[in-house]
Structure formats: C-alpha cells, structure tokens
There are 2 protein chains.
Amino acid sequence: MTDRLNQKAKCAGSPLFEGVKASQLAWLLNVGQNVQLKQREYLFRRGQACDQIFILLSGHIKLSIPVECGQDKVIEFLSPGEAFGESALLPGHLLLADAQALEPCELLAFKSEDVRLAIERVPPFAQQLITNLSLRFESLLRDLESVSLLTAVQRVAAYLLRQPRVGNQAKLPFYKRTIASKLGLQPETFSRSLQQLAADGLISVRGARVVFHDVARLQALLA
Amino acid sequence: MTDRLNQKAKCAGSPLFEGVKASQLAWLLNVGQNVQLKQREYLFRRGQACDQIFILLSGHIKLSIPVECGQDKVIEFLSPGEAFGESALLPGHLLLADAQALEPCELLAFKSEDVRLAIERVPPFAQQLITNLSLRFESLLRDLESVSLLTAVQRVAAYLLRQPRVGNQAKLPFYKRTIASKLGLQPETFSRSLQQLAADGLISVRGARVVFHDVARLQALLA
DNA sequence: CGAAGGCTTGAGACCGCTCAAGACCCGTGG
DNA sequence: CCACGGGTCTTGAGCGGTCTCAAGCCTTCG
C-alpha cells in the first residue's frame, strides 16, 4: 500500500505524467506493471520481440549494441522519468539494443495495447511520449554529430561540460570504459584524452573525480 | 480545387494518416498549410526557432548539420510520407539541423498548437506520429551503430544493399558526396570503397549506376 | 569549344585503434 | 595490519584506416 503511494509520488514527479488528471493517472498506474531490476541485470536483449514499453522510475539503464569479440557499443544512458522501448508499438518489430541496469532500478511496464489505449484516452500522456521521443531523437542526433565532427579530446570535453557540477567538481557517473563507449572511443583513448586535458591545465582527475580549472577554455575547445 | 483533391489523395496514401476518419482528415488538411520548395531551397536552418512540424508529400529532403570550413554532415534523408520538425513541440527549442530540398518538394505544415489539438482529437494521428518518430529514432540508431562499428567498405556495402534494385541494378539517388556524408565518409573514401568493391568483383559502377554481381558476398561483408 | 562542377586518383600525414604490460584501487581474508 | 586477488585504469609502442591536400578526369551544359 505504501508502495503504491510511493510509486504514485514518483510518477507524479515524472514529466511523462505532467498534465495527466488524477483519475487517469490512477488508471495508468493500475494498468502498468512494476518491474525491479538488480544491478547488471538485463531488461531485454537485441533481437528479442517485445510488446511493452517501459518508464524508468529510479536508477539508470544503459542501452547498448552487443558486439561479438569486443565490448558493446553504448547508445544511450536512460535516467528516471524517461520512456523507452517505443519500438514495441511497431508490430512485429525486434529490439535493436540491449537494456541493462547500471544500478538497481524500478520501472513501470505497459503492454503496447494499453499504450494505444492510453494515447486515445489520455492526450497529455501522448503529448509527453512524443516530447520524450523527440528529446531522445535530438540527443542521438547530437551524438552522431559529435562522433562525426569532433576529435576524441573534444568529445571528452563536451561530455565533461555536460556533467552536473558541485562547485568546480564533477563525478563520472559510470565506469570510464562505459562512458568511453558512449562517446565512441576506446578506453585507452578516453584515458589519454583526460590526461591531455589535465596536462593542458584545464582539469585534474583523481579516479572518478574531475576538478574543473578553466571552464571557459574547455568550452573554447568545442568552437 | 483539383489541387485540394490531389493533395487529399496524396495524404490518404501516407501512412501518417492511416486510420484517420475522412472528417478528421478533412479537418487536418484544412488546418495544414501547403508549402512548396524548389530544388536546393532551404526549409529551415539550424539555430532558428520554429513552431511548425512538416509532413513531406513529395520529393526528398536532406537534414544536415552545417560545418564551417568543410561540407555539411548529412543526418537524414526524408522521403514522402514522413513527418519531421517534431522538436517544434518542445517550447522554446531551436532547430538542430538544416533542411534542404534535394528536389522540388511539396509539404504540409502544421502549427504546433494545431498539432497539440490533433493529438487530442485524432488519436490515430498521434499514434502515427509516434510510430514515425520511433522509426526515425531506430534509423538514427542504426547509423550510429554503423559509424562506430563498420569500416568504410562495410558502410558502403550496407548502403548499397539498402537501395531498391530493379533486376540486379540500382541507381544512387543523390550526389555521391552527399551519400558519403550520410555514411560519415569523405567523398574520396566513398569513391575508393566503391572501387574496392568493384575490384573484388562484387559490383560494377558506371556513374550513378551500380550493378550487383554477388549480393550474397556483399551481405557476407557485414557479418 | 570552353567552363563549371562533380568525381577519381595519388601521396603523405595523423588520429585513434590494437595489443601487451604494468599501476592502481578496493574488498576480502589471514 | 598486511598480503592477496580481481577488476579497472593507465601507459607505451606500433600499426592501419581514414583524412587532407592537390592534380587530373569526366560529364554536362551553355
């Protein structure tokens, strides 16, 4: 019971449910199924059929493309409040990526038929689904842009600047090799790029902690 | 008047209007504004604000990211029946890419407020918008995959295999430099890759015409 | 015929990758 | 407290694929 209330609170905070009336929210929550993932557990794998979409309530999930002989190519990090697996709405479609929990995660799962219903009955939800997809589309577009147009050091700089800072410090949220893959780099190249930024006096690195010494020059690298 | 009918026929054929009732289709067409583009004309540019989304009725459009000193990076080729510019639904958002007509084009433009209305009133349209976005998302994901994981020759082979063939021939639909950019390659590298495939006896190339000699081995390159 | 634009070809440089080894970090257990 | 072990991260050396730059070619069109 408190779980139910707890969940409701989490959803109300999610932008995906913004503008949804209480009664409809209740309906959505009733239809959606709770899913828990342990750290490193896979939600789905490339090639599987799937007729559900998912909304992430807590934790982070990694979408990646498996590669035989070599480590996977990370496509996207998903944060709480995001929806994914929309391809389930395309009949007969197979999933393109693996989804793995980077931490313990809570999710809500909706059967595709229920999503269709929800789109009909709850226009704000349809809105938000489209908004979320648009944002993810743009994010992918930026990734494509940076892979094609930026050098390794520039990609790393851009990534660092995107991280939330407290004071002039930031903490890398995942394994470095995982971040490297997201940036389209080998772990060695990521390491060397960090090191070069440090040698130039722009940052200093100790483990996952990054101290920013000159944000302006870091941004200037991208121009 | 015949224009109106003509347009209606085109839309009815578009998957975006599948499942939409005649009365609602009429309303949509009434609300949407016709846009014509000449070849090479720009529909919008990166950095502009925009409160419209577009549906392409005929012709092809190129989405690309402008690059000072060098040619633009092509992101996507849009074909008739596709919707784009969804980021207009995000308030205060700026466009990320240029949209340029590769041929004379006809489009339908919807103000974002009308799109919001349409999502409420015409659920099948909302469905199709989401479907279209999902498909484009996956397409971008595949591009990201191939840029990160495939060599130049493999990317070219994959692209060729995607082209519609009549008999064992295909025709490259755009300038080679444009296709090269879409694949994340320099024109020279694209040229050399085609040439290598030809040297291996898999294809032969004359101008924009490509003859396939061994489709199976071409596919085998991608494994 | 000449000009313009796209395409091809060649030579050389460079960035990022691969492979291999060593350093560091951290939890565990003696 | 220290030694150990597993995993990640770093460092080094060398290679290779793609890019860059610069001509020359080909087709198209006036």
Side-chain angles (χ1 to χ4, degrees), chain A residues 39-40 62 67-74 100 102-103 143-144 146-160 171-200 203-210 221, chain B residues 39-40 62 67-74 100 102-103 144 146-160 171-200 203-210 221-222:
Chain A
Q39 185 165 20
R40 293 176 186 237
K62 175 186 88 175
V67 176
E68 62 278 33
C69 63
Q71 51 230 353
D72 302 351
K73 159 67 185 156
V74 175
Q100 184 185 22
L102 292 172
E103 314 150 12
D143 288 343
L144 202 51
S146 70
V147 166
S148 326
L149 264 34
L150 302 182
T151 65
V153 172
Q154 287 177 313
R155 279 179 251 174
V156 171
Y159 180 81
L160 293 179
K171 180 176 170 297
L172 302 178
F174 315 113
Y175 283 143
K176 287 181 181 174
R177 56 192 315 114
T178 308
I179 297 171
S181 172
K182 169 84 197 314
L183 300 179
L185 300 172
Q186 297 302 313
E188 296 94 330
T189 306
F190 183 68
S191 176
R192 282 187 249 264
S193 300
L194 280 176
Q195 173 188 329
Q196 178 171 338
L197 290 173
D200 293 351
I203 60 172
S204 51
V205 185
R206 265 187 74 83
R209 290 223 143 48
V210 178
L221 280 184
Chain B
Q39 185 165 19
R40 292 177 187 236
K62 175 185 88 177
V67 176
E68 63 275 32
C69 67
Q71 52 228 352
D72 303 351
K73 161 66 186 157
V74 174
Q100 185 185 22
L102 292 172
E103 314 150 13
L144 201 52
S146 69
V147 166
S148 325
L149 265 33
L150 302 183
T151 66
V153 171
Q154 288 178 312
R155 280 179 250 174
V156 171
Y159 180 81
L160 293 178
K171 179 176 171 296
L172 301 179
F174 314 115
Y175 284 143
K176 288 182 182 175
R177 55 189 319 113
T178 308
I179 296 171
S181 172
K182 169 82 197 314
L183 299 179
L185 299 173
Q186 297 302 313
E188 295 94 330
T189 307
F190 183 68
S191 176
R192 283 188 249 264
S193 300
L194 280 176
Q195 174 190 329
Q196 178 170 341
L197 289 173
D200 292 352
I203 60 172
S204 51
V205 185
R206 264 187 75 84
R209 290 222 142 46
V210 178
L221 282 183
L222 306 179

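Residue numbers start from 1 in every chain, and the chains themselves are labelled A, B, ... in the order their sequence lines are given, proteins ahead of strands.
A/Q195 has a side-chain polar atom (N or O) that falls below the 4.0 Å cut-off from OP1 or OP2 of D/dT11. The side chain of A/Q186 contributes an N or O atom lying less than 4.0 Å from OP1 or OP2 of C/dT18. For A/T189 and C/dG16, the shortest distance from a side-chain N or O to OP1 or OP2 is not below 4.0 Å.
The separation between A/R209 atom CZ and C/dC25 atom P is 13 Å, rounded to whole Å.
For the pair A/K62 and A/D72, the salt-bridge criterion is not met [side-chain N within less than 4.0 Å of a carboxylate O].
Backbone-only engagement by B/R177 is indicated by non-hydrogen atom pairs under 4.0 Å involving sugar-phosphate atoms exclusively. Note on A/E188: a base of the nucleic acid sits closer than 4.0 angstrom, heavy atoms only.
Checking C/dT8, C/dG10, C/dG16 against the side-chain heavy atoms of A/R155 singles out C/dG16 as nearest.
Nearer the 5' end of DNA chain C, as judged by each residue's closest nucleotide, is the contact made by B/V205, out of B/V205 and A/T151.
Taking both residues in full, the closest heavy atoms of A/Q71 and A/Q186 are given as NE2-OE1, 4.0 Å, listed atom of the first, atom of the second, then distance.
No N or O donor and acceptor, one from the side chain of A/R206 and one from the base of D/dT10, sit under 3.5 Å apart.
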So A/V74 and A/L183, side chain to side chain contact (heavy atoms under 4.5 Å, CB included) or not? Walk me through it. CA-CA 8 Å; A/V74 175; A/L183 300 179; over 6 Å; no

